[in-house]
Engineer: 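Input: one structure, supplied below.
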Amino acid sequence: MFGSHLSIAGSMCNALTEADALGLETVQVFTKNQQQWNVKPLDPAIAREWVAGLEARGWADRVVSHASYLINLASVQDDLWAKSIDLMTVEIERCEALGIPFLVHHPGSFVGSTLERGIDRIASAYAVLMKRTAGGTTVLCLEGTAGAGSQIGGPFEHLASLRAAILQRTGLPHRVGFCLDTCHLHAAGHDMSTREAAEATLTAFDSACGIQHVKVLHVNDSKGKLGSHLDRHEHIGEGWVGGGAKLHAGEGTFSAAALKRSGFAAVMNHPHFRGIPKILETPKGVNEKGVSFDTVNLRRLRGLVAKAPGSGGTRPVPATGRLRNLPVQ
Ligand SMILES: [Zn+2]
Ligand SMILES: [Zn+2]
């Protein structure tokens with residue numbers, strides 16, 4: 001099921017309406033201004049409208065929230081760590097109130113300390129979070145990162161150790177999953193540039209972490225090369241994952257044939273990924289024909305999905321979507 005990160009400007013439900021206009025099957029949102037520590041309480045009327053909107057679309061099992069980038073659960077600075085736990089608590093509570101099953105967050109950064117200490121801080125933070133939100137059902141999804149500097153979550157061993165440490169502290173396996181991002185994988189040094197390489201990468205992930213724990217995918221092409229640790233998202237088929245390396249260097253044009261041989265073909269046809277939310281976080285805006293980039297990127301991805309024998313084909317995609325510019329990391 002395909003989705004995109006959409007803006008909640010105006011009202012939460014605007015993201016649902018825009019998702020409809022784009023022909024999406026799910027959506028990812030920030031449930032509040034992601035750049036602020038201070039959070040206004042959720043308006044109960046807006047929450048009711050949102051929940052009704054999810055029910056009307058049958059999306060209660062698949063919508064995704066992305067936590068604020070301010071949060072660093074790995075911090076060894078006590079004040080930042082405590083603030084991060086407080087804000088993460090709010091993130092979880094909002095997901096519970098809004099019926100959002102998946103909350104994606106970046107593991108954190110151990111700046112000024114060690115990886116082991118950073119992982120221990122995150123596990124300790126989870127112990128507090130799980131106590132504060134006891135009985136909740138939101139699945140917290142640790143996102144794989146591009147692995148720059150002291151960022152945790154580039155190597156698969158980080159993610160595996162982290163989930164194990166969290167489970168040891170909380171005993172709640174059903175509340176801890178993963179989110180994989182195709183751009184981050186490649187930038188972190190896991191080759192996603194060809195179908196074969198990506199299949200091998202996913203097999204390695206499965207051995208280290210268990211692919212069944214991946215609850216959400218972020219499908220983004222990568223401006224950065226393999227192992228560049230650069231977290232910059234590119235349109236599908238125009239970066240180093242989707243066979244668009246030359247295009248990115250200013251040569252040639254988008255090639256559907258190159259995209260078909262790329263890592264996206266492996267991701268789109270992996271049996272575990274069929275039934276999970278696949279979210280675009282690619283740049284917004286419109287192309288030279290006035291077609292929204294989300295529509296363009298979705299068409300490219302949907303074109304990679306091998307049709308099951310006897311199936312009637314894929315859902316039609318509207319030619320244009322309503323436009324909105326929002327900052328994309
Ligand atoms: Zn992502
Ligand atoms: Zn990213």
Side-chain angles (χ1 to χ4, degrees), residues 1-8 15 24 26-31 34-35 62-73 88 91 95 100-109 139-156 158-159 162 177-190 192-193 198 201-202 205 209 211 213-236 238-242 244 248 263-264 267-268 273 276-284 293-294 297-298 301 326-329:
M1 49 192 79
F2 289 99
S4 178
H5 186 108
L6 298 178
S7 169
I8 58 158
L24 298 176
T26 183
V27 69
Q28 175 177 284
V29 292
F30 295 122
T31 63
Q34 71 94 359
Q35 289 160 335
R62 61 184 65 179
V63 285
V64 182
S65 168
H66 198 299
S68 167
Y69 297 117
L70 298 174
I71 294 170
N72 183 7
L73 299 177
M88 195 66 182
E91 296 276 7
C95 285
I100 299 178
F102 305 116
L103 173 60
V104 172
H105 75 101
H106 297 181
S109 165
V139 183
L140 278 63
C141 301
L142 300 156
E143 180 167 6
T145 63
S150 48
Q151 215 175 47
I152 297 171
F156 295 154
H158 288 193
L159 296 170
L162 188 48
F178 295 117
C179 168
L180 286 183
D181 183 309
T182 49
C183 163
H184 299 179
L185 281 168
H186 195 69
H190 310 290
M192 294 295 286
S193 62
T201 288
L202 295 174
F205 178 85
C209 301
I211 208 156
H213 302 306
V214 177
K215 304 299 178 191
V216 177
L217 273 178
H218 285 169
V219 275
N220 303 308
D221 213 329
S222 174
K223 276 197 207 290
K225 291 183 189 178
L226 179 66
S228 62
H229 304 297
L230 192 68
D231 182 2
R232 293 282 300 282
H233 302 179
E234 181 56 282
H235 294 301
I236 303 298
E238 299 181 23
W240 290 89
V241 172
H248 191 58
F264 287 114
V267 171
M268 287 306 117
F273 295 158
I276 72 169
K278 290 180 268 294
I279 307 290
L280 281 171
E281 297 174 320
T282 41
K284 302 291 181 189
F293 281 128
D294 272 359
N297 286 315
L298 280 160
L301 287 174
L326 78 167
V328 168
Q329 55 163 327

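Just follow the structure's listing: the first ligand is 1, and inside any ligand the first atom is 1. Throughout, residue positions are numbered sequentially from 1 according to the sequence presented.
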Engineer: Would you say the side-chain atoms of Thr201 pair up with the backbone N or O of Met192, donor to acceptor, closer than 3.5 Å?
Structural biologist: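 No: the side chain of Thr201 does not pair with the backbone of Met192.
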Engineer: Could you pull out all residues at least two apart from His213 that satisfy side-chain hydrogen bond (donor to acceptor under 3.5 Å, both in side chains)?
Structural biologist: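 Here the qualifying residues are Arg163.
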Engineer: Identify, with sequence neighbours excluded, every residue that meets ring pair (Phe, Tyr, Trp, His ring centres under 6.0 Å) alongside His190.
Structural biologist: Phe156
Engineer: What class does the angle between the rings of His218 and His66 fall in, given that below 30° is parallel, 30 to 60° is tilted and above 60° is perpendicular?
Structural biologist: parallel
Engineer: Output the atom name for the N/O/S atom of Glu143 with the smallest distance to the Zn ion (ligand 1).
Structural biologist: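 Closest N, O or S atom of Glu143 to the Zn ion (ligand 1): OE2.
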Engineer: Taking the Zn ion (ligand 1) as the reference point, name the nearest N/O/S atom of Asp181.
Structural biologist: OD2
Engineer: For Glu281, what is the atom name of its N, O or S atom nearest to the Zn ion (ligand 1)?
Structural biologist: OE1
Engineer: Answer yes or no for Cys183: is there an N/O/S atom below the 2.8 Å cut-off from the Zn ion (ligand 2)?
Structural biologist: no
Engineer: Taking both backbone and side-chain atoms into account, decide whether Asp231 has an N/O/S atom under 2.8 Å from the Zn ion (ligand 2).
Structural biologist: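 An N, O or S atom of Asp231 is closer than 2.8 Å to the Zn ion (ligand 2), so yes.
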Engineer: What N/O/S atom of His233 gets nearest to the Zn ion (ligand 2)?
Structural biologist: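 Of all N, O or S atoms belonging to His233, NE2 is the one nearest the Zn ion (ligand 2).
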Engineer: Looking at His184 versus His229, is the centre-to-centre ring distance below 6.0 Å?
Structural biologist: no
Engineer: Name whichever N, O or S atom of His218 ends up nearest to the Zn ion (ligand 1).
Structural biologist: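 For His218, the N, O or S atom at the smallest distance from the Zn ion (ligand 1) is ND1.
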Engineer: Give a yes-or-no answer on whether the side chains of Asp294 and Ser4 include a donor-acceptor pair shorter than 3.5 Å.
Structural biologist: yes
